[in-house]
Amino acid sequence: MFDATASHTESVPSPLLCAGGSQPAASYRLESLLSDLPLQRKRLRTRQYVFRAGQPRQFLYLVHAGFFKTCLSSEDGREKITGFRMRGDLLGIDSLDLANYGCDAVALDFGEVWEIPVAQLQDGLPGFQECLTAALANEIRRDWSWMLALATLNAEQRVVTFLLDFAVQMERLGFSARCLLLRMSRADLANFLSLQLETVARVLSRLQGRGLIDVARREIRIEDRAGMLAVLSGLH
């Protein structure tokens, strides 16, 4: 289960969650529902694919450990990252009614996923369909929230929104909401936020210069949460 020894800080809701983002209770119910079933548990290495777009869809995958990215690729090789997934998230849920997966899912570090044979469980496991529907609805609302953020926020506000949202998710997984280890690269983060890599680097430097965060490679420490919230409101 989640780390009970991790440090906790005063909980502050993220802008995305306030706008209708994910509700972790649904993920916890799903993991609890599946924990006693003889599911295949698949361990992955960094940069290993869970599945690729176009492959026949056989399973959904519940993330039990690690961090993953989902992305779309165009015919000419351009990639768009659609999300970063962590414990409790479902991979492949966007392809639930398709014969093939619609995107790639890639491990960002060592992780574990549980293979969920949806067809066998939908009718034979009480409560499964309800949890699946809730997970799909949560993902839709989260996607809407990010669409709104990317369409209405400037570069600095997008980075701040991501960091605050990531902090809230880490805290709910039992980790520190202040000391963040970003498993994704700066390039992946820029891709997801629809920014240039150089822009993300400049924003992080500015935030550090103001004393809002401290950056050490992939480790980011939130020093002034109130100041970061002020950035979102345009007061900083």
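For the numbers below, each heavy atom of this structure counts, side chains included, while hydrogens, waters and symmetry mates do not. It should be emphasised that the depicted structure is a prediction, and the values quoted were computed from it without experimental measurement.
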Report task. Would you indicate whether the side-chain heavy atoms of Thr46 and Arg183 approach each other to under 4.5 Å? Result -> no
Query raised in the report: Just wondering, more than 12 heavy atoms not from Glu130 lying within 6.0 Å of its CD?
Result: no
Report task. Answer yes or no: is there a side-chain heavy-atom contact under 4.5 Å between Glu139 and Arg85? Result -> yes
Query raised in the report: Do the side-chain N and O atoms of Ser194 and Lys80 include a donor-acceptor pair separated by under 3.5 angstrom?
Result: yes
Query raised in the report: Any donor-acceptor pair under 3.5 Å linking the side chain of Ser32 with the backbone of Arg29?
Result: no
Query raised in the report: In this structure, are over 12 heavy atoms from other groups packed under 6.0 Å from Glu79 atom CD?
Result: yes
Query raised in the report: Do the non-hydrogen side-chain atoms of Thr199 and Val159 ever get within less than 4.5 Å of each other?
Result: no
Requested in this report: Is it possible for you to say whether Phe128 and Leu136 belong to one hydrophobic cluster, with membership spreading through side-chain heavy-atom contacts below 4.5 Å?
Outcome: yes
Requested in this report: Taking all heavy atoms of Ala230 and all of Ser233, pick out the closest pair and write down the distance.
Outcome: O-OG, 3.0 Å
**Report entry** Within one Ile-Leu-Val-Met-Phe-Trp-Tyr cluster: Phe68 and Phe162, side-chain cutoff 4.5 Å
**Finding:** no
Report task. Could you tell me how the ring of Tyr101 sits relative to the ring of Tyr61: parallel (under 30°), tilted (30 to 60°) or perpendicular (over 60°)? Result -> tilted
Requested in this report: With sequence neighbours excluded, tell me which residues meet side chain to side chain contact (heavy atoms under 4.5 Å, CB included) with Leu153.
Outcome: Ala149, Gln157, Arg158, Thr161
Query - Min side-chain heavy-atom separation Ile213-Leu180 under 4.5 Å - result: no
Query - Qualifying residue, where the test is side chain to side chain donor-acceptor pair (under 3.5 Å) with Thr82 and the options are Asp143, Asn191, Thr70 - result: Thr70
Query raised in the report: Any idea which heavy atoms bring Ile222 and Ala167 closest together, and the distance?
Result: CD1-CB, 3.9 Å
Query raised in the report: What closest approach, in Å, do Ala177 and Arg225 show between heavy atoms, and which atom pair accounts for it?
Result: O-NH2, 3.1 Å
Report task. Please confirm whether the backbone N or O of Asp188 pairs with a side-chain atom of Ser185, one donor and one acceptor, at under 3.5 Å? Result -> yes
Report task. Can you sort out the partners of Arg52 under side chain to side chain contact (heavy atoms under 4.5 Å, CB included), two or more places apart, ordered by chain and number? Result -> Tyr49, Gln55, Asp104
Report summary line: Glu219 meets the side chain to side chain contact (heavy atoms under 4.5 Å, CB included) criterion, sequence neighbours left out, with Leu181
**Report entry** Arg217 side, atom CZ; Arg186 side, atom CZ - distance, nearest 0.5 Å
**Finding:** 10.5 Å
Query raised in the report: How long is the span from the SG atom in Cys71 to the CZ atom in Phe192, to the nearest 0.5 Å?
Result: 12.0 Å
Query raised in the report: In Å, rounded to the nearest 0.5 Å, how long is the span from CG of Asp109 to CD of Gln48?
Result: 12.0 Å
Requested in this report: I would like to know whether Leu34 and Leu121 meet side-chain contact (heavy atoms from CB on, under 4.5 Å); could you show each step before the answer?
Outcome: CA-CA 10 Å; Leu34 298 172; Leu121 295 180; 3.9 Å; yes
Report task. Apply side-chain contact (heavy atoms from CB on, under 4.5 Å) to Val160 and Leu212, showing your working. Result -> CA-CA 10 Å; Val160 167; Leu212 302 181; 5.8 Å; no
Query raised in the report: Do any N or O atoms from the side chain of Lys69 and from the backbone of Ala107 form a donor-acceptor pair under 3.5 angstrom?
Result: no
Requested in this report: To the nearest 0.5 Å, tell me how far Thr133 OG1 sits from Leu96 CG.
Outcome: 8.5 Å
Requested in this report: Test Glu112 against every option in Arg43, Arg87, Arg45 by the salt bridge (charged side-chain N to carboxylate O under 4.0 Å, His left out) rule and name the one that passes.
Outcome: Arg43
Query raised in the report: Leu30 and Phe59: same hydrophobic cluster, using ILVMFWY side-chain contacts below 4.5 Å?
Result: no
Query raised in the report: Are Leu182 and Val106 connected, step by step, through hydrophobic side chains (Ile, Leu, Val, Met, Phe, Trp, Tyr) whose heavy atoms are closer than 4.5 Å?
Result: no
Requested in this report: Of all the heavy-atom pairs spanning Leu195 and Ala155, show the shortest one and how long it is.
Outcome: CD2-CB, 3.7 Å
Query raised in the report: Can you name the closest pair of heavy atoms from Thr152 and Leu148 and give their distance?
Result: OG1-O, 2.6 Å
Query raised in the report: Would a hydrophobic clustering, with Ile, Leu, Val, Met, Phe, Trp and Tyr connected at side-chain separations under 4.5 Å, put Phe110 with Val113?
Result: no
Requested in this report: Please examine the side chains of Val168 and Arg172, heavy atoms only from C-beta on, and report whether any two atoms are closer than 4.5 Å.
Outcome: yes
Query - Interatomic spacing from CE in Met170 to CE in Met86 - rounded to 0.5 Å - result: 4.0 Å
Query raised in the report: Sub-3.5 Å donor-acceptor pair from the side chain of Asn100 to the main-chain atoms of Gly54, do we have one?
Result: yes
Query raised in the report: Is the shortest side-chain N to carboxylate O distance from Arg178 to Glu223 below 4.0 Å?
Result: yes
Query - Heavy-atom pair of closest approach, residues Cys103 and Asp94 - result: SG-OD2, 3.9 Å
Query raised in the report: Does Leu98 offer a backbone N or O that forms a donor-acceptor pair with the side chain of Arg57 under 3.5 Å?
Result: yes
Report task. State, with a plain yes or no, whether a side-chain heavy atom of Leu60 is found less than 4.5 Å away from one of Leu132. Result -> yes
Requested in this report: Find out whether Leu125 and Leu37 are in side-chain contact, i.e. whether some heavy atom of one side chain is under 4.5 Å from a heavy atom of the other.
Outcome: yes
Report summary line: Interatomic distance, CG@Leu62 vs CD1@Ile93, rounded to 0.5 Å, equals 10.5 Å
Report task. Taking the side chain as every heavy atom from C-beta outward, state whether Ile81 and Met184 have any atom pair closer than 4.5 Å. Result -> no
